[in-house]
Amino acid sequence: MLELKQIRESPELVQTRLQRRSAEYDLKPILELNRQQQELESARTRLQARSNEIGKLIGQKMQAGSDPKSPEIQSLKEEGNQIKTQLSELEPQEKEVKNKQLSFLLSFPNLPSESTPIGKSEQENVEIRRWGDEYLPKISNLLPHWEMGEKLGILQFNRAVKVAQSRFVNLVGAGAALERALISFMLDQQTAAGYLEVMPPALVNSQSLTGTSQLPKFAEESFKCEGDDLWLSPTAEVPVTNLYREEILDAASLPIHHCAYTPCFRREAGSYGKDTRGLIRLHQFNKVELVKIVHPETSQQEHESLVRDAEAILQALKLPYRVVELCTGDLGFGAAKCYDLEVWLPSSNTYREISSCSNFTDFQARRAGIRFREPGKKGTRLAHTLNGSGLAIGRTMAAILENYQQSDGTVKIPEALQPYLRREVL
RNA sequence: GGAGAGGUGGCUGAGUGGUCGAAAGCGGCAGAUUGCUAAUCUGUUGUACGGUUUACACCGUACCGAGGGUUCGAAUCCCUCCCUCUCCGCCA
């Protein structure tokens with residue numbers, strides 16, 4: 001959520017920076033609503049002040065022993081009733097204007113950072129660096145990972161479809177063990193890098209989804225539980241960031257670094273026909289997520305180090321990848337700046353996103369009320385929130401199943417993973 | 001799921017219609033003091049929005065789980081919901 005005060009005081013600046021994302025954002029309606037809201041609010045406040053005054057006066061007189069039926073008290077009561085009538089007209093108006101204002105406010109994305117490259121779409125994302133060319137697979141006739149997985153008997157798609165739907169998978173034997181090994185390996189590495197592991201609820205309420213800005217705009221992207229205000233979490237970003245919702249933290253407790261393994265659930269609405277095979281786009285997948293809550297002055301460095309921590313997993317697994325900075329047109333809704341890590345996927349001859357590392361600045365913190373207090377200073381400040389995958393497990397498995405294929409038709413297990421899986425080939 | 005109890009400031013905990021943003025204690029902060037490593041004393045102590053001010057600051061409004069209602073006036077009374085605890089049942 002953007003700051004209303006900033007929109008009001010420097011609308012041109014906000015407008016210009018929103019326009020870098022796309023032309024669809026118009027601040028005029030919200031400025032007008034805000035003007036109305038302030039007018040209604042000050043009228044209401046004046047009435048309420050007088051009403052409080054009347055209440056106090058009557059209280060004083062009654063305690064001094066006045067007759068409740070005395071003309072003096074009766075006329076005060078009468079004035080109180082008039083105010084109540086006036087308020088009952090003003091209040092619904094103000095509430096309506098406020099609600100409209102809030103829904104506008106919630107519909108605006110974060111302002112891109114000054115350093116974010118300007119562009120319209122994915123095409124204009126900027127490659128920052130590339131790593132691991134020497135590990136690109138050298139054999140030809142590679143199988144796509146889903147074929148390799150079925151050949152090895154470790155991935156079952158048809159049976160998962162029977163149990164649930166398309167876009168689900170059942171992992172078998174070494175496949176399930178590999179998934180588990182990847183989770184443990186990533187958590188161990190991120191914990192060693194200083195992230196405190198948490199295991200949050202997999203179901204989250206609407207307030208949490210609003211806090212991290214999946215709601216209200218992306219409701220159709222998540223699975224909703226009928227009969228409860230609960231959704232299947234689409235990413236650990238939601239439960240982990242919201243652990244601190246509506247809290248005022250001590251500055252000394254920052255930065256907070258968490259890692260979390262969670263299952264993630266996404267409806268993938270509108271992606272029909274895309275990535276229909278394999279592990280790339282499933283309704284349910286596992287992920288190890290990194291979440292940071294930090295002092296605003298440090299969020300840039302924290303962002304860079306977050307990316308390095310995610311990259312470290314790919315490097316440890318010796319998987320070729322590149323780092324791409326998203327341009328303003330491709331930037332996620334809440335992000336001010338975002339780097340994607342893309343792993344090499346030989347079957348489709350491209351780099352595919354395996355981690356997305358975003359700095360949300362104060363955007364989520366304002367929605368979720370995550371603040372901190374500095375000793376000796378008055379008031380509170382909004383923290384900055386960041387997160388990134390470290391990494392998506394299924395896509396990592398896909399990358400291994402493809403990049404580690406050997407000419408004899410087996411798949412080698414990355415050395416870093418061998419202690420976890422206790423085997424060297426599949 | 002059934003029966004009961006309860007949700008008050010950073011914490012403990014008073015407050016059942018009137019000057020209550022809320023007693024008291026603890027903690028925190030500031031000051032004073034004492035040679036004994038901490039104690040004592042004094043003062044202070046939330047958040048948000050809006051307004052006035054160069055500023056220190058001041059003023060108004062809201063906030064006692066959430067949302068409605070009654071009333072001139074609600075932490076206090078009524079309704080709905082959420083959550084917590086205890087006992088029983090069920091369950092990994």
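In what follows, every chain begins at residue 1, and chains take the letters A, B, ... in the order their sequences are listed.
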Next on the checklist: With heavy-atom distances below 4.5 Å as the criterion, would you say the side chains of A:Leu155 and A:Met148 are in contact?
Outcome noted: no
Would you say [N] has OP1 or OP2 under 4.0 Å from some side-chain N or O of [X]?
{"X": "A:Thr380", "N": "B:G46", "result": "no"}
{"X": "A:Arg371", "N": "B:G46", "result": "no"}
{"X": "A:Arg373", "N": "B:U47", "result": "yes"}

Could you work out the separation of [N] and [M] based on their [atom1] atoms and round it to a whole Å?
{"N": "B:C36", "M": "B:U40", "atom1": "C1'", "result": "14 Å"}
{"N": "B:G67", "M": "B:A75", "atom1": "P", "result": "13 Å"}
{"N": "B:A66", "M": "B:C56", "atom1": "C1'", "result": "38 Å"}
{"N": "B:G21", "M": "B:G60", "atom1": "P", "result": "11 Å"}

Send over the distance from [X] [atom1] to [N] [atom2], rounded to a whole Å.
{"X": "A:Asp250", "N": "B:C11", "atom1": "CG", "atom2": "C1'", "value": "14 Å"}
{"X": "A:Leu90", "N": "B:U61", "atom1": "CG", "atom2": "P", "value": "16 Å"}
{"X": "A:Glu41", "N": "B:C59", "atom1": "CD", "atom2": "C1'", "value": "15 Å"}
{"X": "A:Phe372", "N": "B:U47", "atom1": "CZ", "atom2": "P", "value": "14 Å"}
{"X": "A:Glu247", "N": "B:G46", "atom1": "CD", "atom2": "C1'", "value": "16 Å"}
{"X": "A:Glu94", "N": "B:C49", "atom1": "CD", "atom2": "P", "value": "15 Å"}
{"X": "A:Leu40", "N": "B:U61", "atom1": "CG", "atom2": "P", "value": "18 Å"}
{"X": "A:Leu87", "N": "B:U61", "atom1": "CG", "atom2": "P", "value": "12 Å"}

Only counting residues at least two apart or in another chain, list the ones meeting salt bridge (charged side-chain N to carboxylate O under 4.0 Å, His left out) with [X].
{"X": "A:Glu402", "answer": "none"}
{"X": "A:Glu79", "answer": "A:Arg50"}
{"X": "A:Glu96", "answer": "A:Lys100"}

Item to check | Those residues that, when tested against A:Phe104, pass ring pair (Phe, Tyr, Trp, His ring centres under 6.0 Å) (two or more places apart) | outcome: none
Checklist outcome for this item: Once base and sugar-phosphate atoms are separated, protein heavy atoms under 4.0 Å mark nucleotides 62-83 of chain B, 5' to 3', with B, S and - as S-----S--BBS----------
Checklist entry - Under 3.5 Å, is there a donor-acceptor pair between the side chain of A:Ser208 and the main chain of A:Val204? => result no
Checklist entry - B:A30 pairs with which nucleotide, Watson-Crick or G-U wobble, both distances below 3.5 Å? => result B:U42
Checklist entry - Any salt bridge (Lys or Arg N to Asp or Glu O under 4.0 Å) pairs touching residues 326-341 of chain A, not counting sequence neighbours? => result A:Glu325-A:Lys337
